Amino acid sequence: MPQLLRWVLVPLMRAWSAAVTRDYDDIPRPRDTPQAHSPGTDSDRVLLFGSGPAVGWGVLSHNVALPGSLARALSTRTGRGTDVDVIPNPLVTIRTSQAELDGLGLWRYDAVVVSLGTTDAVTLLSALVWQRELSALLDRIRHESSLSTRIFVLGVQPIRSIAAFDSGLGSVAEKHARSLDEASAAICAGQERSCFVPMAATLASTPGRVRTAAQYVQWANLLADEMAPPLDAEYLGASRGTAEGRAEAWGAEPLSPDPRRAVARLGIIAADTEVRCDHIVALARSAYGTRSAALTLIDGDRLWDLVSVGFTPRVYSLAGSITALAVSGAGAFVVSDVLLDDRFTARPPRLGQEQTRFYAGFPIEADSGERIGVLCVFDSEPRGAAEVDPVLLREFALLIQADLGRRQE
């Protein structure tokens, strides 16, 4: 678009955008917990943030909006579980997007999905400003995330497929959106770990609402097709080092930063604390048919049994404990027979009053991402690995995480 024409149109487009968005208060959007997950082992962690498709306009739950649709679509392709956290903000623009990342702990995510550009396209933001701000945003994500985190930048959604913008001025915005997409594609092509995903799926305008559940499914499939291959590659690479990495972690501190502060924020390390998740631990014990189960939290260099079923709770050292191994990974940690495992021949663990032979644990995370403990079931009798359902153990762990998270509300 010629620069002079853009200057002339900018005031008109901004006034038009403000008038349209004032009517958005009556449009449905999710009000539930901004998370979604699909069952499975070795789950991929995804952060979705921004405006447009990330907000979930037109539906009442994130589970049927893009987060839930994406979780299911990814799991279908990878065979693993998927956890999606969403930070939705209908007012965010490329200029204000970095503030959305403050305090998120990007190191814990396998993928970050950026959904921006609708407002910037409608208000005819300069392509040069878009390039500068998007480059800075991607630089920050790479700097604060892990070396394996993949970044996916969504193209601007088709402007005229939004009923409120389906007009002549919408055509102007849609044309400008294509120029922003071209800039995004060029930036991602020149940066490692970044991928541009055009959102050019054919979407019919839906009068009276912005999106439908079926449209989120369509977008999720488009996005999952691009995300699954690199996530699979990272997972296979990590899997080859899992056994060695966990062996090195025997007796070491957990991998996630500062679990002590995360536990302190929960306010539950106290003798008179009311425990609301004890029924979940008891249910896990019953489901696996073990003699004992526990929710064990990290308190500095010690472990503390917040909930115990089948044995007397205690405080003991993190170093040399089976929990040090269980909390070092992101997935289920299962030992069929401790006495036959070379890692425990020198110091076989005793979690209850009897010698522990079978153990299955899943790490518990704080809302801020630190691994703060383990939900475990264990027994004095060994059992085959085929008898253990790690997917179910993960579901119990997620229930406990949700319960502990409510203590901070």
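Values reported hereafter were calculated over all heavy atoms of this structure, with side chains retained and with hydrogens, waters and symmetry mates removed. It should be emphasised that the depicted structure is a prediction, and the values quoted were computed from it without experimental measurement.
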Thr118 versus Gln157, side-chain donor and acceptor atoms under 3.5 Å: yes
Salt bridge present between Arg142 and Asp139 (N-O < 4.0 angstrom): yes
Polar side chain donor-acceptor pair, Arg193 to Thr149, under 3.5 angstrom: no
Closest heavy-atom pair and its distance - Ala228, Arg77: CB-CB, 3.9 Å
For the student: nearest non-hydrogen atoms of Pro230 and Arg150, plus distance: CB-NH1, 3.3 Å
Modelled atom types, side-chain donor and acceptor of Asp85 and Tyr109, under 3.5 Å: yes
Ile94 side, atom CD1; Leu180 side, atom CG - distance, nearest 0.5 Å: 9.5 Å
Ionic contact status for Arg140 with Asp102, cut-off 4.0 Å: yes
Chi angles and distances behind the side-chain contact (heavy atoms from CB on, under 4.5 Å) call for Leu295, Asp305: CA-CA 6 Å; Leu295 169 58; Asp305 293 325; over 6 Å; no
Of all pairs that satisfy ring-ring contact (aromatic ring centres under 6.0 Å, His included), the ones with a partner from residues 48-81, not counting sequence neighbours: Tyr24-Trp57
Cationic N near anionic O, under 4.0 Å, Arg45 to Asp110: no
Working for side-chain contact (heavy atoms from CB on, under 4.5 Å), residues Trp16 and Val172: CA-CA 12 Å; Trp16 176 57; Val172 174; over 6 Å; no
Aromatic contact, Phe378 with Phe311 (centres under 6.0 Å): yes
Test log, rule side-chain contact (heavy atoms from CB on, under 4.5 Å), inputs Ile87 and Val92: CA-CA 10 Å; Ile87 310 296; Val92 70; over 6 Å; no
Considering all heavy atoms, the nearest Pro90-Arg29 contact: CG-NH1, 3.7 Å
No-hydrogen, no-angle side-chain donor-acceptor test under 3.5 Å, Ser161 and Arg211: yes
Ionic contact status for Asp120 with Arg95, cut-off 4.0 Å: no
side-chain contact (heavy atoms from CB on, under 4.5 Å) evaluation trace for Ile187 with Ser194: CA-CA 9 Å; Ile187 291 170; Ser194 298; over 6 Å; no
Nearest-0.5 Å distance, OG of residue Ser145 to CG of residue Leu47: 10.5 Å
Shortest non-hydrogen contact between Arg371 and Pro363, atoms and distance: CD-CB, 4.2 Å
Expected output: side-chain Arg343 to main-chain Ile322 donor-acceptor under 3.5 Å: no
